[in-house]
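By convention in this document, chain letters (A, B, ...) are assigned in the order of the sequence lines, proteins followed by strands, and residues within each chain are numbered from 1.
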Amino acid sequence: MEDNDLLKVRLEKIAALKAAGVDLYPNDAKPQNTTAEILEGFGGKDGESLARLTEKFSLAGRLMAIRSFGKAAFVKLQDRKGQMQCYIAKNILSEQDFSIFKKLDIGDIIYVSGKLFRTKTNELTLEAQTLRLMAKSIHPLPEKWHGLTDIETRYRQRHLDLISNPAVREIFYRRSLIIKLMRQFMDNHDFLEVETPMMQPRAGGAVARPFKTHHNALDQDLYLRIAPELYLKRLVTGGLERVYEINRNFRNEGISTFHNPEFTMMEFYLSYATYEDLMSLTEELFVFIAQNVFNGLSFAYQGSEIDLTPPWRRLSVNDALLQIAGMEPADVSDPAKTIAFARRVGCDIKETDPHGKILMAIFDEVVEKKLIQPTFVTQYPVAVSPLSRRSNTDPELVDRFELYISGREIANAFSELNDPADQRERFMQQLKEREAGDDEAHEMDEDYVRTLEYGMPPTAGEGIGIDRLIMLFTDSASIRDVILFPLLRTRQE
RNA sequence: GGGCCGUUAGCUCAGCGGUAGAGCAGCGGACUUUUAAUCCGUUGGCCGCGGGUUCAAUCCCCGCACGGCCCA
């Protein structure tokens with residue numbers, strides 16, 4: 001496939017190494033140190049105190065640069081923690097090791113052991129007394145200075161991206177840290193981590209198109225879940241009271257800088273709590289993450305300064321439409337005027353859509369992008385919230401909020417509907433919309449209603465989009481920059 | 001789905017209606033303290049794919065593929 005001269009040269013080197021009896025892929029060398037550990041531990045020591053050290057050090061990693069002087073060379077070795085310079089010299093290594101070194105290429109995995117010293121320019125350096133090839137690389141790496149910038153190659157060959165772009169590695173280290181912090185936070189609040197089905201006979205718990213699959217032995221269609229919601233609430237009914245799940249959801253919809261077909265969500269349920277309690281808990285969680293990641297509460301995201309200092313703004317959908325979308329009270333209350341307004345601002349709506357749905361279309365079109373600082377938008381229309389508890393003061397509204405930061409929805413939460421009669425009615429309403437052509441409307445789930453009939457404690461639940469959260473905390477413009485392997489179209493051969 | 005943009009050496013990028021260039025990487029040589037090492041020499045291309053226009057297309061036109069951004 002790739003039969004160019006570069007490859008030919010490497011294959012010749014491999015042949016020469018083999019002929020000299022060198023194992024190209026040994027597995028018996030174990031580094032005792034990492035680059036960062038050495039640089040941190042000995043960065044403060046001067047040349048004289050390093051010379052007095054009797055300790056030997058060993059590193060393994062990828063050869064990233066070779067600056068050769070013929071009989072000696074400086075090389076850069078990169079491991080999971082960073083990079084460190086090593087010194088290779090003919091009069092220090094054995095003849096065999098030095099001749100192997102001469103056959104190495106940038107990109108090879110090597111093992112080096114020896115002692116520490118400082119160079120003339122005072123750089124802490126590992127002097128190689130032994131050197132081993134641990135894995136031969138036959139493809140050239142991206143350029144040392146510009147790295148790899150071609151976006152398609154970065155996503156399709158993420159290993160190259162990770163090798164050549166330290167900032168990309170940083171993002172995924174931070175992603176892991178944040179998820180760890182979320183688990184720690186939930187565990188500290190006495191939540192139980194659980195796992196519920198990814199493959200479901202009905203894709204419920206959210207409004208989205210699902211992926212369909214099939215189980216052969218059962219000869220049964222299954223759907224990849226669009227949300228774990230209904231299963232988690234079964235667990236609450238079962239008495240677990242506080243549960244959370246961090247896992248993938250799948251939605252068969254468009255791909256954009258904010259949407260990947262599979263994305264990671266943390267969903268959690270807290271019994272004897274309301275959506276208002278979850279607002280406080282959410283503030284607390286974000287503050288906990290920010291303190292650990294930034295050691296502070298404000299940070300830059302794509303050019304704007306985000307301040308997480310609580311309490312965050314709370315704004316009802318109604319007030320948002322009046323204050324931010326510039327609607328008059330009659331535009332909100334009179335369905336005909338609402339439709340006219342929606343058309344005016346360019347919403348794609350049907351006149352038969354429920355009033356609440358049209359109001360939300362206006363919200364999405366006009367208000368959403370203006371909510372830069374963290375804002376809890378509350379009091380959603382019942383029409384767009386089939387699983388939420390009705391407000392005690394207005395049965396057309398539900399006790400729900402969505403959290404917006406930097407113009408994007410980050411979290412969605414509500415007091416859960418635990419009245420089985422009302423739930424059945426809501427499913428019936430969704431069924432009508434499905435029959436009217438809305439293939440995203442919720443399906444009837446008798447089994448779930450029956451669970452509620454056993455009595456679910458009053459509960460509030462929330463879902464937090466982890467990828468979007470990571471985008472925020474890593475100043476990433478695209479969701480593909482925080483997902484290791486974002487979905488791309490398969491290339492035809 | 002629509003609009004705009006991109007696709008040239010392994011990588012990062014120039015270029016132009018007259019058969020292709022740089023830097024890095026590679027290869028050969030010099031060099032035992034470099035930091036994108038340096039110096040001398042040098043290899044490497046279906047210019048994304050398929051059509052069309054033209055004496056001549058990497059360049060202009062059409063289609064396709066993949067990607068990016070914006071919109072829906």
- Task: Give one of base, sugar-phosphate or nothing for A:Thr153, where a contact means two heavy atoms less than 4.0 Å apart.
- Result: nothing
- Where does the angle between the aromatic ring planes of A:Phe74 and A:Phe69 fall among parallel (under 30°), tilted (30 to 60°) and perpendicular (over 60°)? perpendicular
- Task: List the steps, then state whether ring pair (Phe, Tyr, Trp, His ring centres under 6.0 Å) holds for A:Tyr380 with A:Tyr275.
- Result: CA-CA 12 Å; A:Tyr380 279 70; A:Tyr275 79 115; 9.8 Å; no
- Message: If the threshold is 4.0 Å, N to carboxylate O, is there a salt bridge linking A:Asp97 and A:Arg132?
- Response: no
- Message: Side chain of A:Ile106 only, heavy atoms from C-beta on: which candidate in B:U32, B:A25, B:G68 is closest?
- Response: B:A25
- Message: Check the phosphate of B:A37 against A:Lys144, side-chain N and O only, distance under 4.0 Å to OP1 or OP2. Yes or no?
- Response: yes
- Task: Quick one: look up who B:C39 pairs with, Watson-Crick or G-U, both distances under 3.5 Å, and put none if it's unpaired.
- Result: B:G29
- Describe the nucleic acid contact of A:Leu141 in one word from base, sugar-phosphate, nothing, applying a heavy-atom distance below 4.0 Å. nothing
- Any idea which of B:A36, B:U34, B:G10 is nearest the A:Trp145 side chain? B:A36
- Message: Heavy atoms within less than 4.0 Å of RNA chain B: which residues of residues 9-20 of chain A have one? Give them sorted by number.
- Response: A:Val9, A:Lys13
- Note on the structure: Among the nucleotides B:U34, B:C69, B:G68, whichever has the atom closest to the side chain of A:Ile151 is B:G68
- Query: Counting side-chain heavy atoms from CB outward, which of B:U33, B:A25, B:G68 is closest to A:Tyr87?
  - Reply: B:U33
- On RNA chain B, nearest-nucleotide positions of A:Gln85 versus A:Ile66: which is more 5'? A:Gln85
- Task: Using a 4.0 Å heavy-atom cut-off across all strands, classify A:Arg480 as base, sugar-phosphate, or nothing.
- Result: sugar-phosphate
- Task: Can you establish whether the number of heavy atoms outside A:Lys102 located under 6.0 Å from its atom NZ is more than 12?
- Result: yes
- Integer angstrom distance from the C1' of B:C55 to that of B:G23: 37 Å
- Message: Over all strands shown, is A:Phe98 touching base, sugar-phosphate only, or nothing at heavy-atom distances under 4.0 angstrom?
- Response: nothing
- Under-4.0 Å salt bridge between A:Glu262 and A:Arg248: yes
- Query: Going by ring centres under 5.5 Å and near-parallel planes (under 30°), is A:Phe74 stacked on B:U34?
  - Reply: yes
- C1' spacing across the pair B:U19 / B:U8, given as an integer number of angstrom: 15 Å
- So with a 6.0 Å cut-off around NZ of A:Lys432, is the heavy-atom count from everything else above 12? no
- Query: If you look at every strand shown and take non-hydrogen atoms under 4.0 Å, does A:Thr119 touch a base, only sugar-phosphate, or nothing?
  - Reply: base
- Item | RNA chain B: 5'-proximal contact among A:Leu104 and A:Asn122 (nearest heavy atom) | A:Leu104
- Using atom P of each nucleotide, how far apart are B:G68 and B:G15 to the nearest Å? 24 Å
- Query: Taking only N and O in the side chain of A:Arg489, is any of them less than 4.0 Å away from OP1 or OP2 of B:A65?
  - Reply: no
- Sort out for me which residue in A:Arg118, A:Lys76, A:Arg67 forms a salt bridge (charged side-chain N to carboxylate O under 4.0 Å, His left out) with A:Glu123. A:Lys76
- Query: A:Thr125 has a side chain; which of B:U34, B:G10, B:U32 sits nearest to it?
  - Reply: B:U34
- Task: Could you tell me whether the phosphate oxygens of B:C13, OP1 or OP2, come under 4.0 Å of any side-chain nitrogen or oxygen in A:Thr149?
- Result: yes
- Item | Mutual orientation of the aromatic rings belonging to A:Phe211 and A:Phe250 [parallel < 30°, tilted 30-60°, perpendicular > 60°] | perpendicular
- Give one of base, sugar-phosphate or nothing for A:Gly254, where a contact means two heavy atoms less than 4.0 Å apart. nothing
- Could you measure between the two P atoms, the one in B:G29 and the one in B:G50, and give it in whole Å? 40 Å
- Rounding to a whole Å, what distance do you find between A:Ile92:CD1 and B:U33:C1'? 11 Å
- Rounded to whole Å, NE2 of A:His259 lies from C1' of B:C71 at a distance of 14 Å
- Using a strict 4.0 Å threshold on nitrogen-to-oxygen distance, state whether A:Asp108 and A:Arg62 make a salt bridge. no
- Report which part of the nucleic acid A:Asp150 touches: base, sugar-phosphate, or nothing (heavy-atom distance under 4.0 Å, all strands). sugar-phosphate
- Verify the contact: side-chain N or O of A:Arg67 to OP1 or OP2 of B:A37, cut-off strictly under 4.0 Å; return yes or no. yes
- Note on the structure: Ordered by number, residues from residues 342-371 of chain A within less than 4.0 Å of RNA chain B (heavy atoms) are A:Asp348, A:Glu365
- note: A:Glu143, atom CD; B:A9, atom P; distance rounded to Å ~ 14 Å
- Of the candidates B:C11, B:U33, B:C31, the side chain of A:Ser68 sits closest to B:C31
